[in-house]
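First comes the structure, then the notes that go with it.
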Amino acid sequence: MAKILGVFFAAFFVVFALDQAVKQIFLGGFSWQGEYFSLVLAYNRGVAFSMFAFLGEWLKFIQLALIAGICGYLLWRLKRKFDAQTAAKAEPNLSANGEKKEILEEHALGAGIILGAGSSNLLDRFVHGGVVDYVYWHKWFEFAIFNLADVMIDVGVVLILWQSFAAGRKGAKNGR
């Protein structure tokens, strides 16, 4: 359990700190104009593509509840399984019955990346009134402006999907 939590919290804090450090560069006044994309400071008051901006100040509290709820649920499930395994070792009549791995056991890195990035964006909402964005693609079409945390959320999701796909293939080969 300590290794799982170590991976989760390491990913969480590395992504959180790196994203906040990069945002400080743009908050300090850095900008760059390019032919294909520009690096410019913007504040997103909504979520992806500025959706739900109409929620105003409520959005940050809804996101806080979601992130806290997800973290709490993942940690509770992991602790419950760890307690069951400990009880099974102490009491020979009990067994873990080969339980399926918990989400945090299988996807500690991906979950840490996603929740660290989401928490970094959430901090922006409380401190700056909106998410600090800075990468703006504008060649051929205008794309949403985004930041490192947004990219890391995508990386975390792809990592979880890839791990799930690989585990499914491994289970199929083993006849499960």
Side-chain angles (χ1 to χ4, degrees), residues 3-75 103-169:
K3 181 181 177 187
I4 294 165
L5 291 175
V7 169
F8 173 79
F9 284 115
F12 182 100
F13 288 116
V14 165
V15 168
F16 184 92
L18 186 59
D19 184 58
Q20 286 296 310
V22 171
K23 287 174 180 175
Q24 287 303 313
I25 295 168
F26 291 93
L27 290 167
F30 178 80
S31 69
W32 176 79
Q33 299 292 327
E35 181 181 348
Y36 293 91
F37 69 93
S38 297
L39 301 175
V40 294
L41 177 63
Y43 296 96
N44 184 352
R45 309 265 187 252
V47 293
F49 305 103
S50 295
M51 293 187 299
F52 304 116
F54 66 89
L55 290 172
E57 289 293 309
W58 286 103
L59 183 58
K60 63 186 172 189
F61 295 107
I62 292 168
Q63 287 182 314
L64 178 62
L66 283 171
I67 289 174
I70 290 168
C71 284
Y73 176 76
L74 292 174
L75 293 171
I103 294 170
L104 204 52
E105 283 181 285
E106 287 192 78
H107 307 293
L109 181 61
I113 290 171
I114 292 169
L115 292 170
S119 296
S120 181
N121 281 346
L122 180 61
L123 178 65
D124 291 350
R125 292 187 188 286
F126 279 96
V127 174
H128 306 292
V131 175
V132 175
D133 285 334
Y134 46 82
V135 179
Y136 175 52
W137 179 271
H138 51 75
K139 181 71 171 185
W140 301 305
F141 60 92
E142 290 191 16
F143 190 72
I145 191 164
F146 59 96
N147 61 34
L148 178 63
D150 299 334
V151 172
M152 295 310 294
I153 290 169
D154 293 338
V155 167
V157 168
V158 168
L159 180 60
I160 288 173
L161 291 173
W162 179 74
Q163 289 173 327
S164 297
F165 178 73
R169 290 189 64 173

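Just the heavy atoms: all of them, side chains too, but no hydrogens, waters or symmetry mates, feed the values below.
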Next item on the list: Work out which heavy atom in Val15 is nearest to a heavy atom in Ala117; give both atom names and the distance.
Entry: CG1-N, 3.7 Å
Margin query: Quick check: do Leu115 and Leu74 have side-chain heavy atoms less than 4.5 Å from each other?
Written below: yes
Check: Does the side chain of Asn121 come within less than 4.5 Å of Arg125's, by heavy atoms?
Finding: no
Check: Just wondering, do Leu39 and Val135 contact through their side chains at under 4.5 Å, heavy atoms?
Finding: yes
Check: Can you check whether Ile114 reaches Leu159 side chain to side chain, under 4.5 Å on heavy atoms?
Finding: no
Checklist line | Nearest non-hydrogen partners of Gly118 and Ile153, listed with the distance | finding: N-CD1, 4.2 Å
Checklist line | Asp124 and Lys60, any side-chain heavy atoms less than 4.5 Å apart | finding: no
Next item on the list: Answer yes or no: are there more than 12 heavy-atom neighbours, outside Trp32 itself, under 6.0 Å from its atom CH2?
Entry: yes
Check: Taking all non-hydrogen atoms of both residues, which atom of Ala111 and which atom of Ile160 are closest, and how far apart?
Finding: N-CD1, 4.0 Å
Item checked: Non-hydrogen atoms of Asp19 and Ala149 that approach each other most closely -> OD1-N, 3.0 Å
Notebook entry, point to check: Should the ring pair Phe8 and Phe12 be called parallel, tilted or perpendicular, given that the plane angle runs from 0 to 90° and is split at 30 and 60?
Noted result: tilted
Next item on the list: Please confirm whether the backbone N or O of Gly129 pairs with a side-chain atom of Arg45, one donor and one acceptor, at under 3.5 Å?
Entry: yes
Checklist line | Interatomic spacing from CD1 in Ile4 to NE2 in His107 - rounded to 0.5 Å | finding: 12.0 Å
Check: Closest approach of Val132 and Leu41, non-hydrogen atoms and distance?
Finding: CG1-CD1, 3.5 Å
Margin query: With a 4.5 Å cut-off on side-chain heavy atoms, are Ser119 and Leu123 touching?
Written below: no
Margin query: Would you say the ring centers of Tyr134 and Phe37 fall short of 6.0 Å from each other?
Written below: no
Item checked: Donor-acceptor contact present, side-chain Ser120 to main-chain Gly116, <3.5 Å -> no
Check: Between Tyr136 and His138, what is the ring plane arrangement, given parallel below 30°, perpendicular above 60°, and tilted in between?
Finding: tilted
Item checked: Beyond-backbone contact of Asp133 with Phe26, side-chain heavy atoms, under 4.5 angstrom -> no
Notebook entry, point to check: Once you round to the nearest 0.5 Å, how far does CD1 of Ile113 lie from CZ of Phe16?
Noted result: 15.5 Å
Notebook entry, point to check: So how far is it from Ile70 CD1 to Leu104 CG, rounded to the nearest 0.5 Å?
Noted result: 12.0 Å
Next item on the list: Test His128 against Leu27 for side chain to side chain contact (heavy atoms under 4.5 Å, CB included), laying out the working first.
Entry: CA-CA 10 Å; His128 306 292; Leu27 290 167; 3.4 Å; yes
